[in-house]
2 protein chains.
Amino acid sequence: MTTGAMTVSSRRGMPEKRRAITRSARAVFGREGYARASVDTIALEAGVSKRTIYNHFADKEQLFQTVALEGAEQVTEAVGELLERHLRKIVDLREDLIAFGLERVAAVAEFPDHFALVRTIEAEVTRIPPIVLEVWKDVGPLSSHKKLAPYLREIADRGLLVLDDAERAANHFNLLTITDVNQRTFYGALPLPEAEAAEIVVDGVDAFLRLYRAQD
Amino acid sequence: MTTGAMTVSSRRGMPEKRRAITRSARAVFGREGYARASVDTIALEAGVSKRTIYNHFADKEQLFQTVALEGAEQVTEAVGELLERHLRKIVDLREDLIAFGLERVAAVAEFPDHFALVRTIEAEVTRIPPIVLEVWKDVGPLSSHKKLAPYLREIADRGLLVLDDAERAANHFNLLTITDVNQRTFYGALPLPEAEAAEIVVDGVDAFLRLYRAQD
DNA sequence: TAATCATTACACCGACCAGTGCAATATGGT
DNA sequence: ACCATATTGCACTGGTCGGTGTAATGATTA
């Protein structure tokens with residue numbers, strides 16, 4: 001098979017095949033869970049031979065860890081962009097926070113394979129080497145969560161919020177919006193009408209503002 | 001094996017063996033996850049033959065569902081007792097809410113097998129029949145969460161809280177306390193120093209009170 | 001004692017799976 | 001054309017697992 005041409009860029013670095021493998025692995029690990037996911041299935045869906053997978057990765061576990069870390073980085077980067085886009089310059093605080101919250105929630109739906117994988121990671125949490133888990137949390141959810149704090153700090157410095165501890169406020173914002181939605185949908189695994197998601201976010205933002213909005 | 005006496009209560013109803021099976025199944029499903037958990041292991045740890053398991057349950061899946069539902073009921077009942085104990089009669093609102101929150105968090109540690117199973121359920125969420133999942137949510141987490149609302153309503157009626165929507169307030173309380181802790185520890189799978197858990201609960205309660213305490 | 005029924009040990013089937021070895025093939029650089 | 005390397009197909013091993021069939025054992029009840 002694969003008698004075709006493959007005109008460009010094949011033998012450089014190691015992309016193409018490797019990317020196909022990680023893409024497929026992300027999908028299969030997320031869909032089936034770690035134990036059920038078979039390397040044969042991953043190979044099939046990647047359009048690659050099983051042997052090639054073992055040429056790129058030592059074993060199933062290392063493949064899983066690689067995919068988990070890559071996905072975490074991608075999402076964290078996307079969240080970083082959302083922060084810049086919505087909270088760099090504040091026009092209307094409530095509107096901007098709501099817009100950020102909505103896009104933050106939508107981001108879960110835009111990386112469905114990754115967030116299915118997150119559920120798998122959480123299920124495997126006791127079997128993942130502690131160091132790996134720590135790194136994943138750091139580059140993933142922890143990083144996404146913490147990045148919000150400095151934006152809130154700056155908004156507070158401009159007099160729009162009153163907060164003693166920006167990290168705590170960021171935590172509260174996250175709990176009242178994204179965490180609430182994720183908890184109800186299991187990271188997007190179950191459908192939630194967009195209107196309800198929006199209602200939750202608006203509720204959360206309003207609660208957040210009652211907690212931290214400057215009185216004037 | 002089992003040549004012993006077993007003096008009392010064996011052939012009535014069907015407990016004893018069945019309870020041993022569900023206890024063991026809860027532990028193994030929680031520890032290993034659904035796919036990895038082997039019926040042989042469950043039988044071994046239950047001190048029961050594999051055949052006996054299949055005499056009580058149709059298959060692995062039904063055993064899993066049974067265990068999931070039983071555990072959810074137990075925890076919901078325990079949470080109900082905590083509510084009665086701490087929020088029936090309010091002495092000092094903040095103290096009582098903190099005490100409730102702390103015990104609520106501690107309850108996760110007191111049912112470690114069940115909450116390990118919860119992680120497994122969440123991972124299997126797309127493979128669990130929708131009706132079963134709905135029932136589980138209803139008797140389990142949803143019920144535990146919703147039970148808080150009427151207590152808050154009553155506290156508000158006594159003038160200690162100001163809230164338009166008791167359900168929303170209950171949701172906020174849960175998010176700011178138990179959900180925060182559960183998210184950080186993966187339902188108790190990872191250790192969290194008790195002091196830190198307490199700090200989170202106190203933080204959460206104080207945020208909740210800033211949201212809803214009567215201005216007096 | 002006899003009959004009933006839960007339980008047991010044990011062997012077994014069919015299926016799946018992680019990982020390997022190897023020889024053939026394809027590909028890109030020179 | 002030649003070489004180094006990536007990839008492929010495929011068979012194979014050793015192991016696990018869900019579920020079943022069966023004959024024997026033990027206890028309970030009448």
Side-chain angles (χ1 to χ4, degrees), chain A residues 1-25 27-29 31-67 120 124 127-129, chain B residues 1-25 27-29 31-67 120 124 127-129:
Chain A
M1 266 168 212
T2 309
T3 4
M6 184 169 297
T7 41
V8 263
S9 80
S10 215
R11 193 52 45 86
R12 192 158 30 240
M14 63 189 55
E16 224 70 9
K17 297 283 180 185
R18 185 179 183 121
R19 296 187 90 82
I21 293 169
T22 53
R23 267 176 56 98
S24 166
V28 177
F29 278 134
R31 188 209 311 145
E32 312 276 2
Y34 182 82
R36 258 187 265 247
S38 98
V39 178
D40 291 88
T41 304
I42 295 171
L44 191 73
E45 298 195 10
V48 149
S49 87
K50 172 156 76 159
R51 212 56 181 70
T52 299
I53 292 185
Y54 283 101
N55 288 342
H56 283 273
F57 302 93
D59 51 27
K60 191 183 176 183
E61 190 183 329
Q62 198 205 77
L63 173 58
F64 180 80
Q65 293 173 4
T66 301
V67 168
T120 297
E124 298 289 329
R127 272 172 296 275
I128 295 175
Chain B
M1 268 172 209
T2 310
T3 6
M6 186 168 296
T7 42
V8 264
S9 77
S10 214
R11 195 51 44 87
R12 192 158 30 238
M14 62 189 54
E16 222 71 9
K17 297 283 180 187
R18 184 177 183 121
R19 297 187 89 80
I21 293 169
T22 53
R23 267 175 56 100
S24 166
V28 177
F29 278 133
R31 189 209 310 144
E32 313 275 3
Y34 182 82
R36 258 187 264 247
S38 97
V39 179
D40 292 88
T41 304
I42 294 172
L44 191 73
E45 297 194 12
V48 150
S49 86
K50 172 157 75 161
R51 211 58 180 72
T52 298
I53 291 184
Y54 283 100
N55 288 342
H56 284 273
F57 302 92
D59 52 26
K60 190 184 178 184
E61 190 183 329
Q62 198 204 77
L63 173 58
F64 180 80
Q65 293 173 3
T66 302
V67 168
T120 297
E124 299 289 326
R127 273 171 295 275
I128 296 175

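Below, chains carry the letters A, B, ... as their sequence lines are ordered, and counting in each starts from 1. These numbers come from the heavy atoms of this one structure, side chains and all, not from hydrogens, waters or symmetry mates.
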Of the listed nucleotides [options], the one nearest the side chain of [X]:
| X | options | value |
| --- | --- | --- |
| B:Ser49 | D:dT7, D:dG18, C:dT8 | C:dT8 |
| B:Ser38 | D:dG19, C:dT7, D:dC17 | D:dC17 |
| A:Lys17 | D:dT8, D:dG19, C:dT7 | D:dT8 |
| A:Arg51 | D:dG18, C:dA18, C:dG21 | C:dG21 |

Using OP1 and OP2 only, check whether a side-chain N or O of [X] sits under 4.0 Å from [N].
| X | N | result |
| --- | --- | --- |
| B:His56 | C:dT7 | yes |
| A:Lys50 | D:dT7 | no |
| B:Thr52 | C:dT8 | yes |

Touch check for B:Ala43, heavy atoms < 4.0 angstrom, all strands: base, sugar-phosphate only, or nothing?
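No contact at all - B:Ala43 keeps every heavy atom at 4.0 Å or more from the nucleic acid.
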Looking at every strand, decide which applies to B:Ala37 at a 4.0 Å heavy-atom threshold: base, sugar-phosphate, or nothing.
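Here B:Ala37 touches the backbone only, sparing every base.
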Whole-Å gap separating [atom2] ([N]) and [atom1] ([X]):
| X | N | atom1 | atom2 | result |
| --- | --- | --- | --- | --- |
| B:Glu16 | C:dC5 | CD | C1' | 17 Å |
| B:Ile42 | D:dG19 | CD1 | C1' | 13 Å |
| B:Arg18 | C:dT7 | CZ | C1' | 16 Å |
| B:Asp40 | D:dT16 | CG | P | 11 Å |
| B:Asn55 | D:dG18 | CG | P | 17 Å |
| A:Leu44 | D:dT8 | CG | C1' | 14 Å |
| A:Ile53 | C:dC17 | CD1 | P | 13 Å |
| A:Arg36 | C:dA18 | CZ | C1' | 17 Å |

Exceeds 12 heavy-atom contacts within 6.0 angstrom, atom CZ of A:Arg31:
yes
How about CZ on B:Arg36, more than 12 heavy atoms from neighbouring residues, nucleotides or ligands closer than 6.0 Å, or not?
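For B:Arg36, atom CZ is crowded (more than 12 foreign heavy atoms under 6.0 Å).
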Decide whether a cation-pi geometry holds between B:Lys60 and B:Phe29; the criteria are a distance under 6.0 Å from NZ or CZ to the six-membered ring centre and an angle within 45° of the ring axis.
no
Check A:Val28, A:Val67, A:Val48 against A:Ile42 for a side chain to side chain contact (heavy atoms under 4.5 Å, CB included) and give me the one that passes.
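Filter result, single survivor: A:Val28.
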Under a 4.5 Å cut-off applied to non-hydrogen side-chain atoms, are B:Glu32 and B:Ser38 in contact?
no
